[in-house]
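Counting begins at 1 with the first residue of the sequence.
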Amino acid sequence: MVVKSVNLETVCGITSKLPDNKLMEVAFAGKSNVGKSSLINALMNRKSYARTSQQPGKTQTINFYNINEELYFVDLPGYGYAKVSKETKEKWGKMIDRYLKGSKVLRILFLLVDIRHEPGQNDVDMYHWCLEYGFNPIVIATKSDKISRGQLMKHTSIIRKKLNCIEGTPIIPFSALNKSGRDEIWEYIEASMEYFREEG
């Protein structure tokens with residue numbers, strides 16, 4: 001897809017009412033600092049529209065990006081080792097929970113994990129949490145430029161095993177640096193948009 005327009009349309013905090021969107025939503029979940037903003041920027045073909053940060057836990061809201069007036073990218077708060085209080089983490093959890101339960105137009109959920117490391121317990125919990133809501137997440141293994149090409153299969157295999165992925169779950173290695181994996185991710189989004197139009 002050629003991205004012609006991007007608009008950060010809605011920013012939802014802990015107490016905000018979630019928007020009742022009619023366009024299809026694609027959500028991005030992942031640990032703090034896993035590269036969510038970098039992935040979203042790469043997909044939107046923008047350098048720094050979604051704010052990237054060296055400080056984990058910077059995304060403390062649910063951000064809805066309107067893409068071409070055709071769909072929404074939904075950036076969920078990062079979880080994990082962010083230096084925030086337990087109370088705040090619980091509120092973020094409730095906010096994500098509210099979104100996953102409440103959205104009528106969410107069709108794809110991307111779960112981002114760092115390809116260099118075995119997924120942590122937070123990642124495993126998030127993956128199975130998504131399954132409980134009826135979503136089968138597509139796993140994006142970020143920072144793939146940090147390992148050699150020959151190591152990709154081994155590392156994706158470790159991720160698949162640790163998350164205990166449902167058979168057939170795609171795991172897409174992605175690099176924000178060289179954009180490898182971007183076209184494949186867009187293929188899943190565009191196929192889902194076709195189904196969404198047919199549903200409508």
Note: Leu106 and Ile108 closest approach over all heavy atoms is CD1-O, 3.3 Å
Salt bridge or not for Glu118 and Lys161, using N-O below 4.0 Å? no
> Is a side-chain N or O of Asn68 found less than 3.5 angstrom from the main chain of Val2, in a donor-acceptor match?
Replying inline: yes
message: With a 4.5 Å cut-off on side-chain heavy atoms, are Asn136 and Tyr127 touching?
response: yes
inquiry  = Quick check: do Met1 and Met193 have side-chain heavy atoms less than 4.5 Å from each other?
reply    = yes
With Leu39 as partner, the option from Leu112, Thr142, Asp75 fulfilling side-chain contact (heavy atoms from CB on, under 4.5 Å) is Leu112
Residues Gly120 and Lys31: closest non-hydrogen pair is N-NZ, 4.2 Å
Please tabulate, for side-chain N and O atoms in residues 177-186, each donor-acceptor pair with protein atoms closer than 3.5 Å (sequence neighbours left out).
{"unit_1": "Asn178", "atom_1": "OD1", "unit_2": "Ser175", "atom_2": "OG", "d": "3.2"}
{"unit_1": "Asn178", "atom_1": "OD1", "unit_2": "Ser180", "atom_2": "N", "d": "2.9"}
{"unit_1": "Asn178", "atom_1": "OD1", "unit_2": "Ser180", "atom_2": "OG", "d": "2.9"}
{"unit_1": "Lys179", "atom_1": "NZ", "unit_2": "Ala176", "atom_2": "O", "d": "2.9"}
{"unit_1": "Arg182", "atom_1": "NH1", "unit_2": "Ala42", "atom_2": "O", "d": "3.1"}
{"unit_1": "Arg182", "atom_1": "NH1", "unit_2": "Asn45", "atom_2": "OD1", "d": "3.2"}
{"unit_1": "Trp186", "atom_1": "NE1", "unit_2": "Leu43", "atom_2": "O", "d": "3.1"}

d(Asn33 CG, Asp114 CG) to nearest 0.5 Å is 9.5 Å
Quiz: residues 12-28 side-chain donor-acceptor pairs under 3.5 angstrom, not counting sequence neighbours:
{"unit_1": "Ser16", "atom_1": "OG", "unit_2": "Gly13", "atom_2": "N", "d": "2.7"}
{"unit_1": "Asp20", "atom_1": "OD2", "unit_2": "Lys22", "atom_2": "NZ", "d": "3.1"}
{"unit_1": "Asn21", "atom_1": "ND2", "unit_2": "Glu25", "atom_2": "OE2", "d": "2.9"}
{"unit_1": "Lys22", "atom_1": "NZ", "unit_2": "Asp20", "atom_2": "O", "d": "3.4"}
{"unit_1": "Glu25", "atom_1": "OE1", "unit_2": "Tyr99", "atom_2": "OH", "d": "2.7"}
{"unit_1": "Glu25", "atom_1": "OE1", "unit_2": "Ser103", "atom_2": "OG", "d": "2.6"}

Practice item. Would you mind reporting whether Pro77 and Ile96 have side-chain heavy atoms less than 4.5 Å apart? Key: yes
Note, Asn63 side chain near Val74 side chain (heavy atom, < 4.5 Å):
no
Value for OH (Tyr65) from CG (Asn41), rounded to nearest 0.5 Å, stands at 7.5 Å
Do Phe110 and Ile40 have side chains that approach each other closer than 4.5 Å (heavy atoms only, starting at C-beta)?
no
Heavy atoms of Pro137 and Thr169 approach each other most closely as O-CG2, 3.4 Å
With distance as the sole test, does His155 use its side chain to make a donor-acceptor pair with the main-chain N or O of His117 at under 3.5 Å? no
Heavy atoms of Val124 and Lys162 approach each other most closely as CG2-O, 3.7 Å
Is it true that Glu70 and Lys4 make a salt bridge, defined as a side-chain N closer than 4.0 Å to a carboxylate O? no
Here the gap from Ile138 atom CD1 to Cys165 atom SG, rounded to the nearest 0.5 Å, amounts to 11.5 Å
Looking only at heavy atoms, the pair that brings Arg46 and Met44 closest together is NH1-O, 2.9 Å
Here the gap from Arg116 atom CZ to Asp145 atom CG, rounded to the nearest 0.5 Å, amounts to 8.5 Å
Output for pair (Ser144 OG, Ile115 CD1), nearest 0.5 Å, gives 5.5 Å
Intermediate values then yes/no, side-chain contact (heavy atoms from CB on, under 4.5 Å), Ile171 and Ile140: CA-CA 6 Å; Ile171 298 181; Ile140 310 288; over 6 Å; no
Step by step, would you call Glu9 with Tyr72 a side-chain contact (heavy atoms from CB on, under 4.5 Å)? CA-CA 9 Å; Glu9 197 170 278; Tyr72 288 97; 2.5 Å; yes
Do you reckon Ile158 sits in the same ILVMFWY cluster as Ile166, going by side-chain contacts under 4.5 Å, direct or chained? no
Looking only at heavy atoms, the pair that brings Met126 and Ala29 closest together is CE-CB, 3.8 Å
To the nearest 0.5 Å, atom CZ of Phe64 lies from atom CG of Asn7 at 13.0 Å
Exercise for review: Could you check if a side-chain atom of Phe73 sits within less than 4.5 angstrom of a side-chain atom of Asn66, using non-hydrogen atoms only?
Suggested key: no
| said: For a quick check under 3.5 Å, do Asp123 and Tyr79 share a side-chain donor-acceptor pair by atom type? | reply: yes
Do Tyr195 and Tyr188 belong together in a cluster built from hydrophobic side chains that touch within less than 4.5 Å?
-> no
Between Ser148 and Gln151, does a side-chain contact (heavy atoms from CB on, under 4.5 Å) hold up when you go through it step by step? CA-CA 5 Å; Ser148 70; Gln151 291 281 300; 3.1 Å; yes
